[in-house]
Enquirer: 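One structure is given below, represented as structure tokens, and several questions about it will come after.
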Amino acid sequence: MKDRTFGFLLTLPALALLSAVVLYPLVGSLTTSLFDQSLVLPGRSFAGLANFTEVLGRQFWPTLRNTLVFTAGATVAPVVIGMALALALNTRLRGRAVLRGLFLLPWVIPGVVVSFVWLWIFNANYGLLNGILTSTHLIDEPIVWLGSPGTAMAAVIVAKTWASFPWIMVMLLAGLQTVPEALHEAAALDGAGSVNRFWHVTLPHLRGVLGIVVLLEVIWNLQHFDMIYVLTHGGPAGSTTTFAVAVYDTAFKAFDLGQASALGALWLVLILGLTIVYVRFSERGERA
């Protein structure tokens, strides 16, 4: 048996599993997007691109805006916090080993549990946040954080940031420990302050790690569902309805599989573009 044939046979079980779990549902979903099909009624009729036209005219653009706002906020905030904590824990800080372990706790807690914790924190009647702000006289009356279109998205981003920053901190901390100390010492001898050393010594060495972290966070946030759904169910008034929530609601609340599949196909194109960027970035980093 030729080596190429033998290698193909070795990968055949994995390819079969991948086809059953990924490829078959994907093809089925793309096919369903071309039909008028209900989740509760039998049969379906060919609709062509009517589902895409309906979704693009009614649902796509507000959902895209909410998704991009959530993705941007839930990516930038944890990256900034993770970078700050990584820089702090990379110094000779007393008790830094214990702090590293404590900061990892939000990351290991399941997303649904984190959502219920923040659901209690943001509660308008007995929530911790309103209690602190009221007792310190920063607000006169409780704020309905998750029930107002002006604050719901910010609240969801805060909760997602709390759950995301630990892994970013760990990744950046690992990158910081590869920066040669001799470079910092040489820059300090040349008169560079801490800010200049960060911009011209530390950050260039973290560019590869930081790029991977940001791209992964963007891809994951574009697909995020559980925390948004538990906290707001996509409300109020659709202000936190992202693609993940919209596809779920269209399929399992409106029972319209055709439009849900069309929306999912458009969502797939967006994620696929970012995935290609991620792969290209990874390949460039490996060549470097």
Enquirer: Are there more than 12 heavy atoms of other residues, nucleotides or ligands under 6.0 Å from atom CZ of R207?
Expert: no
Enquirer: Could you pull out every donor-acceptor pair under 3.5 Å between side chains of residues 264-275 and any protein atom, sequence neighbours left out?
Expert:
from : atom 1 : to   : atom 2 : distance (Å)
W267 : NE1    : L222 : O      : 3.0
T275 : OG1    : I271 : O      : 2.8

Enquirer: Just say parallel, tilted or perpendicular for the rings of H224 and F70, cut-offs at 30° and 60°.
Expert: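 The arrangement is parallel - the two ring planes meet at less than 30°.
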Enquirer: Around atom CD of E141, are there more than 12 heavy atoms from other residues, nucleotides or ligands closer than 6.0 Å?
Expert: no
Enquirer: Look at the rings of Y229 and F225 and say which category their plane angle falls in: under 30° parallel, 30 to 60° tilted, over 60° perpendicular.
Expert: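 If you compare the ring of Y229 with that of F225, the planes turn out parallel.
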Enquirer: Does the T136 side chain pair with the main chain of L133, one donor and one acceptor, at a distance under 3.5 Å?
Expert: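 Yes.
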Enquirer: Side chains of L18 and L23: does their closest heavy-atom pair fall under 4.5 Å?
Expert: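 Heavy-atom side-chain distance check fails, nothing below 4.5 Å.
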Enquirer: More than 12 non-hydrogen atoms from neighbouring residues, nucleotides or ligands closer than 6.0 Å to OH on Y126, yes or no?
Expert: no
Enquirer: Apply side-chain hydrogen bond (donor to acceptor under 3.5 Å, both in side chains) to S164 and list each qualifying residue two or more places apart in sequence or on a separate chain.
Expert: K160
Enquirer: What residues form a ring-ring contact (aromatic ring centres under 6.0 Å, His included) with F116, not counting sequence neighbours?
Expert: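 With sequence neighbours excluded, F116 shows a ring-ring contact (aromatic ring centres under 6.0 Å, His included) to no residue whatsoever.
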Enquirer: Quick one: closest heavy-atom pair of F122 and A155, and the distance?
Expert: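 Minimum heavy-atom separation between F122 and A155: CE1-O, 3.4 Å.
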Enquirer: Indicate yes or no for a side-chain donor-acceptor contact from T71 to the backbone of T67 under 3.5 Å, with no hydrogens or angles considered.
Expert: yes
Enquirer: Count the heavy atoms belonging to other residues, nucleotides or ligands that lie under 6.0 Å from CZ of F8, then report whether that count exceeds 12.
Expert: no
Enquirer: Does the pair H205 and T178 meet the rule for a side-chain contact (heavy atoms from CB on, under 4.5 Å), with working shown?
Expert: CA-CA 8 Å; H205 278 81; T178 65; 5.6 Å; no
Enquirer: Treating Ile, Leu, Val, Met, Phe, Trp and Tyr as nodes and any side-chain heavy-atom pair under 4.5 angstrom as an edge, say whether V170 and V80 lie in one connected cluster.
Expert: no
Enquirer: To check you understand the geometry: which heavy-atom pair defines the closest contact between V114 and A159, and what is its length?
Expert: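 What the structure gives for the nearest pair is CG1-O, 4.4 Å.
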Enquirer: Going only through I, L, V, M, F, W and Y residues with side-chain contacts under 4.5 Å, is there a path from F52 to W61?
Expert: yes
Enquirer: Applying side-chain hydrogen bond (donor to acceptor under 3.5 Å, both in side chains), can you list everything that pairs with T202, at least two apart in sequence or on another chain?
Expert: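 Residues passing side-chain hydrogen bond (donor to acceptor under 3.5 Å, both in side chains) with T202: H184.
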Enquirer: Of all the heavy-atom pairs spanning G82 and L172, show the shortest one and how long it is.
Expert: C-CD1, 4.1 Å
Enquirer: How about S261 and Q37: does a side-chain donor come under 3.5 Å of a side-chain acceptor?
Expert: no
Enquirer: Would the F60 and F243 ring centres measure less than 6.0 Å apart?
Expert: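 Judged by ring-centre distance (under 6.0 Å), F60 and F243 do meet the cut-off.
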Enquirer: Do the side chains of V27 and L263 join up, straight or via other hydrophobic residues, at under 4.5 Å, putting them in one cluster?
Expert: no
Enquirer: side-chain contact (heavy atoms from CB on, under 4.5 Å) between M83 and V213: does it pass, once the steps are laid out?
Expert: CA-CA 11 Å; M83 175 67 79; V213 165; over 6 Å; no
Enquirer: Hey, does the side chain of T240 reach the backbone of G235 with a donor-acceptor pair shorter than 3.5 angstrom?
Expert: yes
Enquirer: Name all residues meeting the side-chain hydrogen bond (donor to acceptor under 3.5 Å, both in side chains) criterion together with W145; count only those two or more places apart in sequence or in a different chain, and write none if there are none.
Expert: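 Listed in chain order: N130.
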Enquirer: Go through it in stages, so that I can follow the logic: the residues are L173 and N90, the test is side-chain contact (heavy atoms from CB on, under 4.5 Å), and I'd like the CA-CA distance, side-chain angles, deciding distance and then a yes or no.
Expert: CA-CA 7 Å; L173 183 59; N90 196 46; 3.9 Å; yes
Enquirer: Starting from the C-alpha separation in whole Å, work towards a yes-or-no answer on side-chain contact (heavy atoms from CB on, under 4.5 Å) for D256 and L39.
Expert: CA-CA 6 Å; D256 193 332; L39 182 66; over 6 Å; no
Enquirer: Backbone N or O of S45 within a donor-acceptor pair of the D36 side chain at under 3.5 Å?
Expert: no
Enquirer: Donor-acceptor pair, distance only, cut-off 3.5 Å: does the side chain of S29 make one with the backbone of L26?
Expert: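 It does not hold such a pair.
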Enquirer: Under 3.5 Å, is there a donor-acceptor pair between the side chain of N51 and the main chain of A262?
Expert: no
Enquirer: Within the 4.5 Å heavy-atom criterion, are L216 and M171 side-chain neighbours or not?
Expert: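 L216 does not reach M171 side chain to side chain.
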Enquirer: Under the rule for side-chain hydrogen bond (donor to acceptor under 3.5 Å, both in side chains), what residues qualify as partners of W167, not counting sequence neighbours?
Expert: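 In terms of side-chain hydrogen bond (donor to acceptor under 3.5 Å, both in side chains), with neighbours along the sequence ignored, W167 is linked to E217.
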